[in-house]
Amino acid sequence: MTEPTHDEAHGGALGSRLNWLRAAVLGANDGIVSTAGLVVGVAGATESRTALLTAGLAGLLAGSMSMAAGEYVSVSTQRDSEMAALDLEKRELREQPEAELRELTALLEGRGLSHEVAREAAEQLTARDALKAHARVELGIDPDELTNPWSAAWASFLSFTVGALLPLLAIVLPPPGRRLTVTVVSVLAALVLTGWTSARLGAADPKRAVLRNVAGGALAMGVTYAAGSLLGAVGA
């Protein structure tokens, strides 16, 4: 009998990729909403294409850099915690290997294995790679796939930038009389897409996610446009 091949991603790797994809979608969504709110607010005060372009570019750059810096700091902190946990595990394995073997056995027993099978599995895993075994079973960390802060920062920067480009282009490219309509329609359509995508990736109800996304974006644009119109009316 031919043994089946396993070309598909394993659960952990697939879950990691889905998390990254979900984060990218949410980053793009942030870029859409924040930049749309900014340019629509400015559009309420002025029809100057230069002012709209300046405000949109400033919002895009500030938002993307902020997202990248925040993600870098967050993931760096997570990586530092993972490295510290692995260093502690290395020391414990070096100083008290028998206690660590018993601990690994108990953890495997907690997953439903009998004591005898758990002990044998723990011994085999320890002989193969004790640190990796404890990292995965005890800590939930894969030493071969530690989080990379630079990858996270670039992913956040790019996803926010891609999302922010839509409202920026939608507000500066059309003629003055159609800018607001084109921007609002484009943004709401994009929010439908990002809401649906994030819901599907999270196995949630797409209808609720889309409704929340669209309502939030519409509210943001409505509030900023009202504020811009008021400031424009009083000549501020």
Side-chain angles (χ1 to χ4, degrees), residues 14-15 17-71 151-233:
L14 179 60
R17 282 198 288 270
L18 286 177
N19 286 335
W20 278 105
L21 184 56
R22 189 180 301 116
V25 171
L26 294 176
N29 192 80
D30 287 343
I32 293 169
V33 174
S34 61
T35 307
L38 179 60
V39 296
V40 167
V42 175
T46 178
E47 292 186 353
S48 169
R49 176 174 278 134
T50 300
L52 292 169
L53 180 60
T54 301
L57 281 175
L60 184 154
L61 292 173
S64 59
M65 292 299 294
S66 175
M67 288 283 290
E71 195 68 13
S151 296
W154 276 112
S156 294
F157 178 88
L158 292 174
S159 62
F160 186 97
T161 299
V162 169
L165 280 173
L166 173 68
L168 175 58
L169 295 177
I171 202 74
V172 299
L173 293 182
R178 297 183 180 178
R179 284 174 184 163
L180 192 60
T181 301
V182 170
T183 301
V184 170
V185 171
S186 300
V187 167
L188 294 182
L191 292 177
V192 169
L193 178 60
T194 56
W196 182 87
T197 303
S198 61
R200 295 298 296 175
L201 290 173
D205 181 6
K207 292 181 181 178
R208 290 185 177 181
V210 167
L211 181 60
R212 287 193 299 264
N213 224 28
V214 171
L219 179 62
M221 289 188 289
V223 169
T224 56
Y225 181 77
S229 299
L230 180 60
L231 291 173

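Along the sequence shown, the residues carry numbers beginning at 1. Quick note: numbers below take in every heavy atom, side chains included, and nothing from hydrogens, waters or symmetry partners. As the structure is a prediction and not an experimental result, all values here were calculated from the model.
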- Expected output: side-chain Thr46 to main-chain Ala43 donor-acceptor under 3.5 Å: no

- Task: Give, for atom CH2 of Trp154 and atom CG of Leu158, the distance between the pair rounded to the nearest 0.5 Å.
- Result: 6.5 Å

- Quick one: closest heavy-atom pair of Ser186 and Leu166, and the distance? O-CD2, 3.7 Å

- Task: Please identify each residue that fulfils side chain to side chain contact (heavy atoms under 4.5 Å, CB included) with Ala209, with sequence neighbours left out.
- Result: Ala199, Arg212

- Heavy-atom closest pair, residues Met221 and Val187: CE-CG1, 3.8 Å

- Task: Taking Thr194 for its side chain and Leu191 for its backbone only, find out whether a donor-acceptor pair lies under 3.5 Å.
- Result: yes

- Message: Give me the atom names and distance for the closest heavy-atom approach of Ile32 to Ala190.
- Response: CD1-CB, 3.7 Å

- Query: How close do Arg179 and Pro174 get, heavy atom to heavy atom, and via which atoms?
  - Reply: NE-O, 3.3 Å

- Query: Hey, does the side chain of Thr183 reach the backbone of Ala170 with a donor-acceptor pair shorter than 3.5 angstrom?
  - Reply: yes

- Taking Val25 as the fixed residue, which of Leu193, Thr197, Asp30 is the one that meets the side-chain contact (heavy atoms from CB on, under 4.5 Å) rule? Thr197

- Task: Quick one: closest heavy-atom pair of Val33 and Ala220, and the distance?
- Result: CG1-CB, 4.1 Å

- Residues passing the ring-ring contact (aromatic ring centres under 6.0 Å, His included) test with Tyr225, sequence neighbours excluded, are none

Listed pairs under 3.5 Å, donor-acceptor, residues 50-67 side chains, sequence neighbours left out:
unit_1 : atom_1 : unit_2 : atom_2 : d
Thr54  : OG1    : Thr50  : O      : 2.7
Ser64  : OG     : Leu60  : O      : 2.8
Ser64  : OG     : Leu61  : O      : 3.1

- Item | Pairwise side-chain contact, Val192 with Leu188, heavy-atom cut-off 4.5 Å (strictly under) | no

- Message: Please determine whether the number of non-hydrogen atoms from other residues, nucleotides or ligands lying under 6.0 Å from atom CZ of Arg49 exceeds 12.
- Response: yes

- Note on the structure: Shortest non-hydrogen pair, Gly37 vs Thr224, comes out as O-OG1, 2.8 Å

